[in-house]
Novice: 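Below you will find the structure I want to go over with you.
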Amino acid sequence: MMIHFSKTYVAAALILAVVAAVSVTVISVAGSSNTDEAAPALASHSDPHPHPHSHPHAVGSADGPGVDGDTMVALNFDGTFARSIGELTDTADVIVKGRVARVAGVINTAMNPDDPSQPHAEVFGLGRIYEIEVDERFKGEVPGRLTLVQNEGYFDIGELSEKQLENPSSIESVGNVDTVKPGVDYVFFLRSVDSELARYAAPSYPYRFALVEGKAEPEGNLKEEWSAFAGADAESLLGQLRTLSN
Amino acid sequence: MRSIVLEKYYINAPLRVALLTLATIGSLILLNVLLANGSNVAEAYVLKGCHEADHDANYVDVHFAWGTNLQTPGSAWRTAWSTGMQDWEDANTDHVILFWPDSTSAHKINSIWDQYNPSPGTFSHNYFCQPHYSSWSLKNNTWATTGWSANERRSTAGHEIGHLLGLLHTTNNSLMDVDRDRSVVYVPKTDDINGVNASFDD
Ligand SMILES: [Zn+2]
Ligand SMILES: [Zn+2]
C-alpha cells in the first residue's frame, strides 16, 4: 500500500512538473511574439526624429586604431538565401557547369530607383563581368558562352577618383567578396537579367559551387549561411541536376 | 526492504503537498534552464566585433545623411529607415540609441535599384573595423523589394541597422535572421537587444 501510493505520488509529481514547465515555456514564447506585435504604429512616427535629450557626447571613441583613411570596405547582405538544391533549382532560370573564360570588364549596377534607366547619382555598384564557357547545361536555353555579372561592392561616387570612374575595371572588389575564380569548374545557378546581352546574375545565395576534389563547395559571400550545402558530393549534385535536363 | 524504508520516512499529507509543490517548482526551473541554455547555444546572437564608433558608456549616437533618393519624408523607404531607427531607439537596450540626421555626415543611407544583386539591403563598412566602424553606409535595393509591404521594408531597415550596431546573422527568427518572415518579425527581439547590449560592452 505504502509503495503503491508512493509510486503514484512520484509519477504525479513528475507529470505535474513537466506540464508546468512546458506551459511556462509556451507562455514565455507566446509573450515574446506579442512584444513584436506591440510595435509602434508607422503613423505615429514623425520625421525627422525628435531628439529632446541632451547628453554627454562620446569623447575619444571615434575611429579605432589603424582605420583612419581606410577605404577598403566590406559588405553585409540581408537575404536572400536558399536552403536546398531544390530551392536553388526553382529560383534559377539557368543551371550550367562551366568555368571563367575571361574577365570582361565592369558595369555600374546601381541605378536611380526613381528612374532605373539612369545611373544612381551617389552610388557606384561594382558589377564585374565574367565570360563563362559552358560545358554542360541542366536547365534553361543557354548559349555556349554567357556572361555572369557579380556584385563586388558599392562605392560612394565621391570617393572614387576620376581615373577609377573613367576605367571602372580598375576598381578593386571590396574586402570580403569571394570572387569567381579562373581555372575552377563550377556549377552555376543563374537568373537571366538581360537576354540580349546574355547577362546573368545570382538569383539568391549561394549561386555557385566549386567542383574541387570530388566535392561541390558553395562559394561567395556570407558562407556562414550555407551549412546545409557544405561538403556535398560533386557527382551526386551533377547526377541530381542531370535528371532535370532529361 | 523498500517498504520498510518508506514506512520509516512516512510523511503526513500537508508536508506531502508542500514537497510536491517544491518538486514541481524545482523541476520546472531545471527544465526551463535546460531549454533556455539549449536554444541559446544553438541560436543566440552573433557579434561581429565591430560597431558604431560614436558611443560612450550610456549613449550610442548614430549620425547619418539621407541619400539623394531619400530626401522626401513620408516616401516608402524613407519611412522604412526612419521606423527602423525608431524601433531601435524604442528597444530597451542598455545604451540609449539615438539617430541624428545630419546632411554633412559621411555616413549615407541610400536607396538604389540594382537588378544584379538579389539582396534587399546592404551594410557596407571599413574592412579593418575592430572595434569600431569608422566609415559605413546603408542601402536598400528597390529592385529586390518590389511589391513589399511597409513592415517588410521596415524589417529590412532594422536588420541592416542591427549590423551597424554590431550584430551578425542568426537562425532563431530574430531580426538578424535572414530567413525570418519580414512581415511578422520587424522590430528588435529580445535576442537582438541582448546582442546589442553585449556588442557595446567595451
Ligand atoms: Zn544581414
Ligand atoms: Zn565601442
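Lettering follows sequence order; numbering is per chain, from 1. Side chains included, hydrogens not; waters and symmetry mates left out as well; all remaining heavy atoms used.
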Novice: Can you say whether A:Thr109 sits under 4.5 Å from chain B via the side chain, the backbone, both, or neither, judging by heavy atoms?
Specialist: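 Contact with chain B is through both the backbone and side chain of A:Thr109.
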
Novice: side-chain contact (heavy atoms from CB on, under 4.5 Å) for A:Asp115 and B:Trp113? Distances and angles first, verdict last.
Specialist: CA-CA 9 Å; A:Asp115 178 4; B:Trp113 188 94; over 6 Å; no

Novice: How long is the span from the OG atom in B:Ser124 to the CZ atom in A:Phe155, to the nearest 0.5 Å?
Specialist: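 Reported value, rounded in 0.5 Å steps: 8.5 Å.
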
Novice: How far does CG of B:Asn117 sit from CD of A:Gln150, to the nearest 0.5 angstrom?
Specialist: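 These two atoms lie 10.0 Å from each other.
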
Novice: Could you list the residues that satisfy side chain to side chain contact (heavy atoms under 4.5 Å, CB included) with B:Ser75, not counting sequence neighbours?
Specialist: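 In terms of side chain to side chain contact (heavy atoms under 4.5 Å, CB included), with neighbours along the sequence ignored, B:Ser75 is linked to B:Thr72, B:Arg78.
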
Novice: What closest approach, in Å, do B:Pro118 and A:Pro203 show between heavy atoms, and which atom pair accounts for it?
Specialist: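 Minimum heavy-atom contact is CB-O, 3.5 Å.
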
Novice: Does any heavy atom of chain A fall under 4.5 Å from the side chain of B:Thr142, the backbone, both, or neither of them?
Specialist: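 Side chain only.
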
Novice: Any non-hydrogen side-chain atom of A:Val149 less than 4.5 Å from a side-chain atom of B:Tyr116?
Specialist: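 A side-chain contact under 4.5 Å exists here.
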
Novice: Between B:Trp143 and chain A, with a heavy-atom cut-off of 4.5 Å, which part of the residue counts as in contact: side chain, backbone, both or neither?
Specialist: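 Side chain only.
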
Novice: Examine whether an atom of A:Val123 lies under 4.5 Å from a heavy atom of chain B, and if so say whether it belongs to the side chain, the backbone or both; otherwise answer neither.
Specialist: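 Just the side chain, heavy atoms under 4.5 Å.
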
Novice: Tell me the salt bridge (Lys or Arg N to Asp or Glu O under 4.0 Å) pairs involving residues 120-132 of chain A, sequence neighbours left out?
Specialist: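 Pairs touching residues 120-132 of chain A that pass the test: A:Arg102-A:Glu131, A:Glu122-B:Lys108, A:Arg128-A:Glu152, A:Glu131-A:Arg145.
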
Novice: Of the non-hydrogen atoms in A:His120 and B:Asn110, which two are nearest, and what is the gap between them?
Specialist: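 Distance-wise, the nearest heavy atoms are CE1-OD1, 3.4 Å.
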
Novice: What is the minimum heavy-atom distance between A:Asp156 and B:Ala106, and which atoms define it?
Specialist: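 Nearest heavy atoms, A:Asp156 then B:Ala106: OD2-O, 4.4 Å.
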
Novice: Where do A:Tyr154 and B:Asp114 land on the side-chain contact (heavy atoms from CB on, under 4.5 Å) test, with the steps shown first?
Specialist: CA-CA 11 Å; A:Tyr154 294 105; B:Asp114 186 349; 2.7 Å; yes

Novice: Looking at chain A, which one of B:Thr156, B:Asp179, B:Val60, B:Asn141 has the largest number of heavy-atom pairs inside 4.5 Å, strictly under?
Specialist: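 Looking at each option in turn, the highest pair count goes to B:Asp179.
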
